[in-house]
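As structure tokens, the structure follows; a few thoughts come after it.
Quick caveat, the model's predicted, so the values are computed rather than measured.
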Amino acid sequence: MRRPLIGITTYGRNDQGDFRLPGAYVDAVRDAGGFPLLLPPGERDPSEIMGLIDGLIFAGGGDLDPSLYGAKPHPKMERINAERDSFEISLARTALEGAKPVLGICRGMQLLNVAGGGTLIVDVPETVGSKVKHRSEQREPVEHTVLLEKQSRLAAILGKSEVRVRSIHHQGLDKVATGWRIVGRSEDDLVEAMEREGHPWMISVLWHPEMSTNDGVQRKLFADMVEAARAFRPNTRERN
């Protein structure tokens, strides 16, 4: 039996027209037993993509354009990419209608929220304060604590209700889209994890679990997602 095929969205084109993605995402999927398939922006039929893959990861990266959720431009906006935004919003809306396993990471969490009608905090330090640092002043990852709902799927997967995570973001969730349950917050009360209500396996986290795959706790998230994709495949004929 082939390994579950896990699609991973990539960053948008750079100035040279190249797509890229940190190798940690690929390594995390491979280590969990999945077959990684990179999904660069530009494809126009998200249902075709969802028909090919067994699971989907929305990766981190640059900010979403604030106009997508009714906000104004902000001086600290960075790496806005219209091609990526358009592609991933369309793909996310298709994924939200299906039942295949989906994991949103950092930008991916924000994307899923916006695709479902939610909004974002354009700059966390400006709005929430600096009680918890979510990235360094040099825009490098930092560690902090996330508290999980004890009865959540995520806490059951990780085997803990309090986890140390690595994050590197300056945006977060404001209005949460309908259909999502908040299952994790940082100590400044910022939403850090959500689960899709009524969905077999759809989880989004604001931190970067792929940056901590040497941590056995974080590896469990990818392992459970790949196993859900493996279990889903033979039991359905759904193509989206």
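Between V217 and K160, the closest side-chain pair of non-hydrogen atoms falls below 4.5 Å. You'll find the side chain of L173 stays beyond 4.5 Å of the side chain of W180, heavy atoms only. Residues V163 and D215 have side chains not in contact (no heavy-atom distance under 4.5 Å, counting atoms from C-beta outward). Inter-residue side-chain proximity for V122 and K72 is flagged as unmet; no heavy-atom pair is nearer than 4.5 Å. Within the 4.5 Å cutoff, the side chain of I57 has heavy atoms near those of the V29 side chain. Looking at heavy atoms from C-beta onward, S161 lies out of side-chain contact with L147 at the 4.5 angstrom threshold. Counting heavy atoms from C-beta on, the side chains of L96 and V102 never come closer than 4.5 Å. Looking only at side-chain heavy atoms (C-beta outward), R79 and D63 stay at 4.5 Å or farther from each other.
In this structure, the separation between CG on L52 and OG on S47 is 9.5 Å, given to the nearest 0.5 Å. Atom-to-atom distance recorded for R153:CZ and L148:CG is 14.0 Å, nearest 0.5 angstrom. From I121, atom CD1 reaches atom CD of Q171 across 9.5 Å, with rounding to the nearest 0.5 Å. One finds the CD atom of E88 at 9.0 Å from the CG atom of L56 (value rounded to the nearest 0.5 Å). Distance check, rounded to the nearest 0.5 Å: CG of L64 to CZ of R84 gives 8.5 Å. Taking CG of N81 as the start and CZ of F87 as the end, the distance is 11.5 Å to the nearest 0.5 Å.
Around atom NZ of K133, no more than 12 heavy atoms belonging to other residues, nucleotides or ligands sit under 6.0 Å away. By the neighbour-count criterion of 12 heavy atoms within 6.0 Å, atom CZ of R20 is sparsely surrounded, having that number or fewer from other residues, nucleotides or ligands. Other residues, nucleotides and ligands contribute over 12 non-hydrogen atoms within 6.0 Å of the CD atom of E197.
With I8 as reference, L21 is the one residue of L103, L39, I53, L21 to meet the side-chain contact (heavy atoms from CB on, under 4.5 Å) rule.
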- Item | Residues E210, I105; criterion side chain to side chain contact (heavy atoms under 4.5 Å, CB included); working and verdict | CA-CA 9 Å; E210 84 285 354; I105 295 176; 3.7 Å; yes
- Item | side chain to side chain donor-acceptor pair (under 3.5 Å) between E195 and W201, intermediate numbers included | CA-CA 8 Å; E195 297 173 359; W201 206 106; over 6 Å; no
- Assess whether side chain to side chain contact (heavy atoms under 4.5 Å, CB included) is satisfied between F35 and R30, documenting all intermediate values. CA-CA 6 Å; F35 191 111; R30 284 178 175 162; over 6 Å; no
- Dump the intermediate steps for side chain to side chain contact (heavy atoms under 4.5 Å, CB included) on L91 and M50, then the final yes or no. CA-CA 8 Å; L91 184 60; M50 294 304 297; 4.0 Å; yes
- Task: Begin with the C-alpha distance, continue with both residues' side-chain angles, and end with the deciding distance and a verdict on salt bridge (Lys or Arg N to Asp or Glu O under 4.0 Å) for R135 and E78.
- Result: CA-CA 14 Å; R135 73 176 183 185; E78 56 190 49; 3.0 Å; yes
- Task: Test side chain to side chain contact (heavy atoms under 4.5 Å, CB included) on L206 and H169 and set out the steps.
- Result: CA-CA 8 Å; L206 198 54; H169 63 89; 3.3 Å; yes
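Remark: D85 engages R107 in a salt bridge, criterion side-chain N to carboxylate O under 4.0 Å. In this structure, D54 pairs ionically with R2, as a charged nitrogen and a carboxylate oxygen lie closer than 4.0 Å. Ion pairing of D189 with R185 is present here, as a side-chain N (NZ or NE/NH1/NH2) and a carboxylate O approach within less than 4.0 Å. One finds a salt bridge joining E83 and R13 here, because a Lys/Arg side-chain nitrogen approaches an Asp/Glu carboxylate oxygen to under 4.0 Å.
The minimum heavy-atom distance linking L221 with P209 is given by the pair CD2-CG, 4.0 Å. A pairwise comparison of heavy atoms in M194 and V191 identifies CG-CG1, 3.8 Å as the closest pair. Minimum heavy-atom separation, T119 to Y69: CG2-O, 3.7 Å. In terms of heavy atoms, G34 sits closest to I6 at CA-CG1, 4.4 Å. Between V26 and P36 the shortest heavy-atom distance is CG1-CG, 3.7 Å. Residues S204 and M109 come closest through the heavy atom pair OG-CG, 3.3 Å.
For the residue pair E187 / T145, no side-chain donor-acceptor distance below 3.5 Å is found, with atom types taken as modelled.
Both V146 and F222 are part of a single hydrophobic cluster, where members link through side-chain heavy atoms under 4.5 Å apart. There is a path of hydrophobic side-chain contacts, each under 4.5 Å, that joins V124 to V176. In the hydrophobic clustering of ILVMFWY residues, with side-chain heavy atoms under 4.5 Å counting as a link, W207 and M202 come out apart. One hydrophobic cluster, built from ILVMFWY side chains closer than 4.5 Å, holds both V226 and L154. Both L111 and I49 sit in one connected hydrophobic cluster of ILVMFWY residues. Membership requires side-chain heavy atoms under 4.5 Å apart, directly or through other members.
Using cut-offs of 30° and 60° on the angle between ring planes, the pair H208 and Y25 is perpendicular.
When atom types are taken as modelled, the side chain of N113 and the backbone of K175 share a donor-acceptor pair closer than 3.5 angstrom. Side-chain atoms of D65 never come within 3.5 Å of backbone atoms of L68 as a donor-acceptor pair (strictly under, hydrogens ignored).
Aromatic ring centroids of H144 and H134 lie under 6.0 Å apart.
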